[in-house]
Amino acid sequence: MFSDESRFSLQSDSRRTLICRALGTRYHQENTIERHRYGGAGWLVWGRIILGSRTDLHVQSVTMTGYIYQNVIVEQHIRLFRGAMGVEFLFMDDNARPHRANIVDECLQSEDITRMEWPACSPNLNPIEHVWDMLGRQIAARQPLPTFLPELRRALLDE
């Protein structure tokens, strides 16, 4: 099972701004745009894929912490799915800080859940990144675009 979370906001998440400017005007004030880290309010979406299928998304408004990851994700999703899959179950996450918290490690060990060895800082190797890209493109293509958080949440779950 591959799992991951991604943030979706009401504003663009590309974090790229393309600017056409005249030579020599690089640092002029009119070429500077104030940016916010996450582009405004949004949702943190967690999901997983396995054997050519997917599971329901878990949508939350708070930042993922080790405590939330252990109590919500591991206890309510991964542990139950591991029980259904049996002893051959192999779990993969992307080595994010909340995923490697001591309480998460202890919980996974107590449930006898085996983690896939994964190089640190290599999220592009995770195939679920393609799911987040497709979901983001589908949300961006919706007409009209979601303008309020409840609309964005519904759009994420619908897509």
Side-chain angles (χ1 to χ4, degrees), residues 1-17 34-86 89-116 118-159:
M1 174 196 320
F2 293 92
S3 80
D4 193 24
E5 62 269 342
S6 186
R7 184 168 175 82
F8 293 88
S9 68
L10 293 171
Q11 298 173 6
S12 171
D13 282 57
S14 70
R15 297 189 185 130
R16 292 185 301 164
T17 303
E34 182 179 341
R35 305 288 303 220
H36 297 284
R37 183 171 180 197
Y38 291 115
W43 295 103
L44 185 69
V45 180
W46 181 84
R48 56 198 184 268
I49 56 175
I50 187 168
L51 301 173
S53 64
R54 62 171 173 74
T55 58
D56 292 336
L57 297 177
H58 175 79
V59 181
Q60 66 184 43
S61 62
V62 296
T63 302
M64 186 66 72
T65 64
Y67 181 77
I68 292 171
Y69 189 73
Q70 188 262 333
N71 283 321
V72 176
I73 305 302
V74 174
E75 290 290 333
Q76 296 178 19
H77 296 281
I78 298 168
R79 185 175 60 83
L80 297 175
F81 200 74
R82 189 258 186 221
M85 293 297 294
F89 178 73
L90 184 62
F91 177 64
M92 183 267 144
D93 57 31
D94 64 357
N95 290 328
R97 196 171 284 171
H99 304 167
R100 296 299 178 196
N102 288 336
I103 59 172
V104 174
D105 288 339
E106 292 168 7
C107 182
L108 291 175
Q109 288 174 359
S110 71
E111 296 291 335
D112 197 28
I113 296 174
T114 305
R115 268 192 178 142
M116 181 186 295
W118 202 254
C121 301
S122 59
N124 292 335
L125 296 175
N126 188 342
I128 201 169
E129 295 295 332
H130 300 291
V131 174
W132 300 138
D133 182 55
M134 288 173 47
L135 182 58
R137 289 172 190 264
Q138 289 172 333
I139 296 297
R142 288 178 78 98
Q143 293 298 326
L145 282 171
T147 54
F148 299 102
L149 283 177
E151 291 175 358
L152 178 60
R153 186 177 198 284
R154 174 65 16 222
L156 289 164
L157 294 172
D158 287 347
E159 294 294 339

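Starting from 1, each residue takes its place in the sequence as its number. Please read all numbers here as calculations on a predicted model, not as lab measurements.
- Here the shortest heavy-atom pairing between His58 and Ile73 reads CD2-CD1, 3.8 Å.
- Two residues are said to be in side-chain contact when any heavy atoms from C-beta on lie closer than 4.5 Å; Glu111 and Arg82 fail this criterion.
- Of the inter-residue distances, the one linking Leu57 atom CG with Glu5 atom CD reads 12.0 Å to the nearest 0.5 angstrom.
- In this structure, CH2 in Trp43 is found 9.0 Å from CG in Leu156, a value given to the nearest 0.5 Å.
- In this structure, the separation between NE2 on His99 and OG on Ser3 is 6.0 Å, given to the nearest 0.5 Å.
- Using a distance-only test at 3.5 Å, with no hydrogens or angles considered, no donor-acceptor pair links the side chain of Arg153 to the main chain of Ser61.
- Shortest non-hydrogen contact noted between Gly66 and Ala101 is CA-CB, 3.9 Å.
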Inset, instruction - Show your working on side chain to side chain contact (heavy atoms under 4.5 Å, CB included) between Val131 and Asp4 and close with a plain yes or no. - result: CA-CA 10 Å; Val131 174; Asp4 193 24; over 6 Å; no

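- Here CE of Met92 is found 14.5 Å from CZ of Arg48. Values are rounded to the nearest 0.5 Å.
- Atom CH2 of residue Trp46 and atom CG of residue Asp56 lie 10.5 Å apart, to the nearest 0.5 angstrom.
- From Glu159, atom CD reaches atom CD1 of Ile139 across 5.0 Å, with rounding to the nearest 0.5 Å.
- Looking at every heavy atom in both residues, Arg79 comes nearest to Ile113 through CA-CD1, 4.2 Å.
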